[in-house]
Amino acid sequence: ILQAVVQGTAQGMTSDADTGTTGRPLFVVAGSCPNTFCGMQAIMYCQMQDDSLDFWWVKPQAGSPEELDAETLAHHRKGPAKN
């Protein structure tokens with residue numbers, strides 16, 4: 001995520017799973033999870049296609065904590081990928 005932001009290639013990298021609106025990550029806040037049960041989550045702030053600001057949790061893969069779970073690049077308000 002950070003590499004795409006710095007290189008200016010992040011446009012359309014994120015989306016809202018409910019509306020299909022795409023977005024561009026602006027920055028990520030690491031270490032913001034409020035408890036020890038959630039692991040290495042971070043909050044990603046995005047400028048959405050309609051110029052609104054949205055944010056949600058991005059998470060590592062369950063079986064590979066060093067790898068980003070690509071499903072969390074989209075904002076899911078319900079279901080197994082809820083973030």
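Since the model is a prediction, treat every value here as computed from it, not as a measurement.
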Report yes if the side chains of Thr14 and Asp54 come closer than 4.5 Å at any heavy-atom pair, otherwise no.
-> no
Contacts of Gln7 meeting side-chain contact (heavy atoms from CB on, under 4.5 Å) (sequence neighbours excluded), chain-then-number -> Gln3, Thr9
query: Tell me, do Leu26 and Leu53 make a side-chain contact under 4.5 Å, heavy atoms counted?
result: yes
Do Phe55 and Met44 have side-chain heavy atoms sitting under 4.5 Å apart? no
Scanning both residues in full, the closest heavy-atom pair of Pro60 with Pro65 reads CB-O, 3.4 Å
Minimal heavy-atom distance between Ala42 and Ala30, with the atoms involved, is CB-CA, 4.0 Å
Expected list for residues 76-83: side-chain donor-acceptor pairs under 3.5 angstrom, two or more places apart:
from: His76; atom 1: NE2; to: Glu71; atom 2: O; distance (Å): 3.2
from: His76; atom 1: NE2; to: Glu71; atom 2: OE2; distance (Å): 3.1
from: Arg77; atom 1: NH1; to: Asp16; atom 2: OD1; distance (Å): 3.0
from: Arg77; atom 1: NH1; to: Asp16; atom 2: OD2; distance (Å): 2.9
from: Arg77; atom 1: NH1; to: Asp18; atom 2: OD2; distance (Å): 3.2
from: Arg77; atom 1: NH2; to: Asp16; atom 2: OD2; distance (Å): 2.9
from: Asn83; atom 1: OD1; to: His76; atom 2: N; distance (Å): 2.7
from: Asn83; atom 1: ND2; to: Trp57; atom 2: O; distance (Å): 3.1
from: Asn83; atom 1: ND2; to: Thr72; atom 2: O; distance (Å): 3.3
from: Asn83; atom 1: ND2; to: Ala74; atom 2: O; distance (Å): 3.0

Problem set entry | Verify same cluster id: Val58, Leu2 (apolar side-chain graph, 4.5 Å) | yes
Test item: Thr22 and Met48 side chains (from C-beta on) under 4.5 Å apart, heavy atoms:
no
For residues 42-52, the side-chain hydrogen bond (donor to acceptor under 3.5 Å, both in side chains) pairs (sequence neighbours left out) are Arg24-Gln47, Gln47-Asp51, Asp50-Ser52
Applied to residues 55-65, the salt bridge (charged side-chain N to carboxylate O under 4.0 Å, His left out) test, sequence neighbours excluded, yields none
message: I'd like to know if the side chain of Ser15 and the backbone of Thr21 have a donor-acceptor N/O pair within less than 3.5 Å.
response: no
Give a yes or no on whether Ile1 and Ile43 share a hydrophobic cluster (residues Ile, Leu, Val, Met, Phe, Trp, Tyr; joining criterion: side-chain heavy atoms under 4.5 Å apart).
-> no
Contacts of Glu66 meeting side-chain contact (heavy atoms from CB on, under 4.5 Å) (sequence neighbours excluded), chain-then-number -> Ser64
In short, salt bridge (charged side-chain N to carboxylate O under 4.0 Å, His left out) pairs touching residues 2-12 with sequence neighbours left out are none
Worksheet item: Below 4.5 Å, heavy atoms only, C-beta onward: do Leu68 and Gln61 meet side chain to side chain?
Response: no
